[in-house]
Chemist: 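Please find one structure pasted underneath; my questions will follow.
Residue numbers start at 1 and run along the sequence shown. What you are looking at is a predicted structure, and each value in this text was computed from that prediction instead of being measured.
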Amino acid sequence: MLQPARVKYRKPHRTKYEGKAKGNKYVVFGEYGLKATTGNWVKAKQIEAARVVLSHFIDQEKKGKMWIRIFPQLSLTKKPLEVRMGSGKGNPEEWVAVVKAGTIMFELGQMSPETMKKALKQAGNKLNVLCKVVKKGEEGNE
């Protein structure tokens, strides 16, 4: 699973996922991309599940390329069950990527357009954000 090699702070403040993305809004590397239409924290396990789906389609066609444009850098903490109030913040439990509306999460290239659309649609089903498949140059300014 994805997680950073090292971080400056082990227990950071939670970053907001509301609002629109400032960067990472356009398909740059591939021909088609998966764009988030809502914001949320995407867990490392969900990114891995989407990667497996996309890899399956790439292996099936024996060609193609994939780019993952998000990375889980934020650790979410959780306190153990039945622990009294106080005594500080809980320990890091999982890693998440902060995805805002308009972020391009995955890109595919060097495959047939029908296969890329189908693969990205299935990968979007593994994520906890609503997404749509966009073509390079047709993203608009949303």
Chemist: Hey, what do you get for CD1 (I70) to CG (N24), rounding to the nearest 0.5 Å?
Modeler: 8.5 Å
Chemist: Which other residues end up in the same hydrophobic cluster as I104, if Ile, Leu, Val, Met, Phe, Trp and Tyr are linked when side-chain heavy atoms come under 4.5 Å apart?
Modeler: V27, V134
Chemist: In chain order, what residues pass the salt bridge (charged side-chain N to carboxylate O under 4.0 Å, His left out) check against R51, with sequence neighbours excluded?
Modeler: E48
Chemist: Indicate yes or no: at least one non-hydrogen side-chain atom of L34 is less than 4.5 angstrom from one of L127.
Modeler: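 Contact flag for L34/L127 side chains = yes.
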Chemist: Report yes if the side chains of K100 and K20 come closer than 4.5 Å at any heavy-atom pair, otherwise no.
Modeler: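 Side-chain contact under 4.5 Å: no.
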Chemist: Please say yes or no: joined through hydrophobic side-chain contacts below 4.5 Å, possibly via intermediate residues, are M66 and Y32 part of one cluster?
Modeler: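 Yes: a chain of side-chain contacts under 4.5 Å links M66 to Y32.
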Chemist: Of all heavy-atom pairs between V129 and G39, which one has the smallest distance, and what is that distance?
Modeler: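 Nearest pair, atom of V129 first, then G39: CG1-C, 4.1 Å.
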Chemist: List, by chain and then residue number, the residues other than V28 in its hydrophobic cluster (Ile/Leu/Val/Met/Phe/Trp/Tyr, side-chain heavy atoms under 4.5 Å); write none if there are no others.
Modeler: F29, W67
Chemist: Does anything in residues 66-77 form a salt bridge (charged side-chain N to carboxylate O under 4.0 Å, His left out)? List the pairs, not counting sequence neighbours.
Modeler: R69-E107
Chemist: Enumerate the ring-ring contact (aromatic ring centres under 6.0 Å, His included) contacts for residues 69-121, please, sequence neighbours excluded, ordered by first and then second residue.
Modeler: none
Chemist: Sequence neighbours excluded, which residues qualify as side chain to side chain contact (heavy atoms under 4.5 Å, CB included) partners of K89?
Modeler: K11, T77
Chemist: Tell me every residue that passes salt bridge (charged side-chain N to carboxylate O under 4.0 Å, His left out) with K126, counting only those two or more places apart in sequence or in another chain.
Modeler: none
Chemist: Can you sort out the partners of L76 under side chain to side chain contact (heavy atoms under 4.5 Å, CB included), two or more places apart, ordered by chain and number?
Modeler: R14, W41, L74, E94, V96
Chemist: Can you tell me if K43 has over 12 outside heavy atoms packed within less than 6.0 Å of its NZ?
Modeler: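 For K43, atom NZ is not crowded (no more than 12 foreign heavy atoms under 6.0 Å).
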Chemist: Let me confirm one number: the CD-CG distance from Q46 to L2, rounded to the nearest 0.5 Å.
Modeler: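 Reported value, rounded in 0.5 Å steps: 12.5 Å.
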Chemist: Restricting to non-hydrogen atoms, name the atom on S75 and the atom on P12 that form the minimum distance, rounded to 0.1 Å.
Modeler: OG-CD, 3.2 Å
Chemist: Is it true that a side-chain atom of T37 and a backbone atom of L130 form a donor plus acceptor pair closer than 3.5 Å?
Modeler: yes
Chemist: Which pair of non-hydrogen atoms, one from C131 and one from M105, has the smallest distance, and what is that distance?
Modeler: SG-CE, 3.9 Å
Chemist: In this structure, would Y26 and L108 fall into the same cluster of hydrophobic residues linked by side-chain contacts under 4.5 Å?
Modeler: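 Different clusters.
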Chemist: Could you give the side-chain donor-acceptor pairs of residues 78-87 under 3.5 Å, partners two or more places apart or in another chain?
Modeler:
from, atom 1, to, atom 2, distance (Å)
K79, NZ, G86, O, 2.5
K79, NZ, S87, OG, 3.4
K79, NZ, G88, O, 2.8

Chemist: Side chains of residues 111-125: which donor-acceptor pairs under 3.5 Å do they make with residues two or more places apart or in other chains?
Modeler:
from, atom 1, to, atom 2, distance (Å)
S112, OG, E61, OE2, 3.1
S112, OG, T115, OG1, 2.6
T115, OG1, E61, OE2, 2.6

Chemist: Can you give me the closest heavy-atom contact between N128 and N40, atom names plus distance?
Modeler: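 Where N128 meets N40 most closely, the heavy atoms are O-ND2, 3.4 Å.
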